[in-house]
There are 2 protein chains.
Amino acid sequence: MPALPSSLDSFDLAILAILQRDNTTPQRLIGEAVNLSAPAVQRRIKRMEQTGVIAGNVAVVEPAAVGQPITIFVEVELESERAELIDAAKRQFSATPEVQQCYYVTGEADFILVITVADMGAYEALTRKLFFDSNNVRKFRTFVAMDRVKVGLTVPLPV
Amino acid sequence: MPALPSSLDSFDLAILAILQRDNTTPQRLIGEAVNLSAPAVQRRIKRMEQTGVIAGNVAVVEPAAVGQPITIFVEVELESERAELIDAAKRQFSATPEVQQCYYVTGEADFILVITVADMGAYEALTRKLFFDSNNVRKFRTFVAMDRVKVGLTVPLPV
DNA sequence: CTCTTAAATGCAAGTTTGTTTCGTCCAGGA
DNA sequence: TCCTGGACGAAACAAACTTGCATTTAAGAG
């Protein structure tokens, strides 16, 4: 449960900008970049982690390097949009490791999935499990990524 | 330029699994988890960073906490698919901070974008800049995320 | 205008973590 | 068998993180 309203000043934003690029940057260097001492930087980072501004610290793995070179987008349209069935779908997608990202959306689809697989065979098997075996998926549209032009979770920061 | 063929053994994969969840985990703890000494863990991490298996180390920022609560998907269809125009589009999308992710895809669209903005007004302005002012966008379809059900860059790792 | 208070800072000490060195242990090839 | 390359662990070393404390800053009350 994120604490949203928190007041982030320009120091916090400058720190976030650095950590979003490389969270292994030493606090000493961050301090030099934003004109604060290392302890001050550390206290601000800790506070942002505790309040949920920083949701996590992760290594980004190159999918192709671990044998999962295929990225696929899927628009999923459900038969019924009963809340209970929506939630069931959310739970199933969340629990599926190949589903890297899942969004519940407005518009001509109900869900958009980002899927990572080793090959099209694996995707075919996954569609069977996620879509055909479900009796609540009306249809789905597949887009295979030819180029991961820009990938990341970087959030644009105000001024 | 990622070096793909590299041979990752089960130690490497176990280390990656941990770092994908939390890259602040001390090497000592990682070592205990995978039955290796801290220096061994450190050498493997360094090697994977150098070979591109680990593409980066980043803090994940909660968009709502920094005033960017709206996530939007856009399917973009171009007028012309001349290579030169495709590349121009890739460059423009890459250079736009609000475009968090951009994929060049097969299927009924040419690009899929993941966009992060503060409000719909900002999105409207962005569409003007990216789509209407371009004379190579035939049409685009917008999906507004109501729920970021699952978000991340976690890659499923082989056994 | 001064005083008080709460919050944030910098410095310095202490602790943990990351890094290097070095000797040892396999495994493969001559 | 001998040699060589690669990876390992233990220990020493260096760097980074963390904490305690006195000081500064800013805002509000008197």
Side-chain angles (χ1 to χ4, degrees), chain A residues 1-62 65-67 153-154 157-159, chain B residues 1-62 65-67 153-154 157-159:
Chain A
M1 202 147 307
L4 321 176
S6 64
S7 52
L8 301 176
D9 61 19
S10 64
F11 286 117
D12 291 318
L13 294 175
I15 292 170
L16 283 180
I18 294 171
L19 294 181
Q20 275 197 122
R21 275 195 306 108
D22 180 5
N23 73 351
T24 68
T25 311
Q27 295 169 355
R28 175 178 52 83
L29 292 182
I30 299 175
E32 290 174 13
V34 305
N35 279 329
L36 263 108
S37 68
V41 171
Q42 128 89 355
R43 283 184 282 255
R44 285 168 177 271
I45 293 174
K46 189 177 189 180
R47 186 164 54 84
M48 290 191 285
E49 285 174 345
Q50 285 173 162
T51 58
V53 176
I54 295 175
N57 289 283
V58 304
V60 179
V61 173
E62 178 63 37
V66 292
L153 297 175
T154 307
L157 299 174
V159 243
Chain B
M1 200 148 307
L4 320 175
S6 64
S7 53
L8 301 176
D9 61 19
S10 65
F11 286 117
D12 292 317
L13 294 175
I15 293 170
L16 283 181
I18 294 172
L19 295 181
Q20 276 197 122
R21 273 195 306 110
D22 180 5
N23 72 351
T24 68
T25 311
Q27 294 169 356
R28 176 178 51 83
L29 292 182
I30 299 175
E32 291 174 12
V34 304
N35 279 328
L36 251 79
S37 67
V41 171
Q42 129 91 352
R43 283 185 284 255
R44 284 167 177 271
I45 293 174
K46 189 176 189 180
R47 186 165 53 86
M48 290 192 285
E49 284 175 345
Q50 286 173 162
T51 57
V53 177
I54 295 176
N57 289 284
V58 304
V60 179
V61 173
E62 178 64 37
V66 292
L153 296 175
T154 306
L157 299 175
V159 240

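Throughout, a chain's letter reflects where its sequence line sits, starting with A, and its residues are numbered from 1.
- Of the two residues contacting DNA chain D, namely A/Q42 and B/L36, the nearest-nucleotide position lying further toward the 5' end is that of B/L36.
- Using a 4.0 Å cut-off, some side-chain N or O of B/R44 falls inside it from OP1 or OP2 of D/dC8.
- Under 3.5 Å, the side chain of B/R43 and the base of D/dG9 form at least one donor-acceptor pair of N or O atoms.
- Distance, A/E32 CD to C/dG10 P: 13 Å, rounded to whole Å.
- The phosphate of C/dT20 has OP1 or OP2 within less than 4.0 Å of a side-chain N or O from B/K46.
- Contact annotation for A/P26: backbone-only contact, meaning every heavy-atom pair under 4.0 Å involves sugar-phosphate atoms and none involves a base.
- For the pair A/D9 CG and D/dT25 P, the interatomic distance rounds to 17 Å; values are reported in whole Å.
- A/I15 pairs in a side-chain contact (heavy atoms from CB on, under 4.5 Å) with only one of the listed residues (A/L36, A/I54, A/V41), which is A/V41.
- Residue A/I45 is tested with A/Q42, A/R47, A/E49 for a side-chain contact (heavy atoms from CB on, under 4.5 Å); the sole match is A/E49.
- Minimum interatomic distance between A/Q20 and B/V61 (heavy atoms only, all atoms of both residues): CG-CG2, 3.5 Å.
- Atom pair B/L29:CG and D/dC17:P shows a separation of 17 Å (rounding to whole Å applied).
- For the side-chain contact (heavy atoms from CB on, under 4.5 Å) criterion with B/F11, the lone passing option out of B/D9, B/L13, B/L8 is B/D9.
- Atom CG of B/N57 and atom C1' of D/dA16 are 16 Å apart (whole Å).
- Atom pair A/F11:CZ and C/dA7:C1' shows a separation of 14 Å (rounding to whole Å applied).
- The nearest whole Å value for the distance from the CZ atom in B/R47 to the P atom in D/dA7 is 6 Å.
- For the residue pair A/V53 and A/L16, the shortest heavy atom distance occurs at CG1-CD1, 3.8 Å.
- Proximity of A/Q27 to the phosphate of D/dA15: no side-chain N or O atom is located under 4.0 Å from OP1 or OP2.
- Residue-to-nucleotide proximity on DNA chain D shows that, of B/S37 and A/R28, the 5′-proximal contact is made by B/S37.
- As a whole-Å value, the separation of B/Q50 CD from C/dT19 P is 12 Å.
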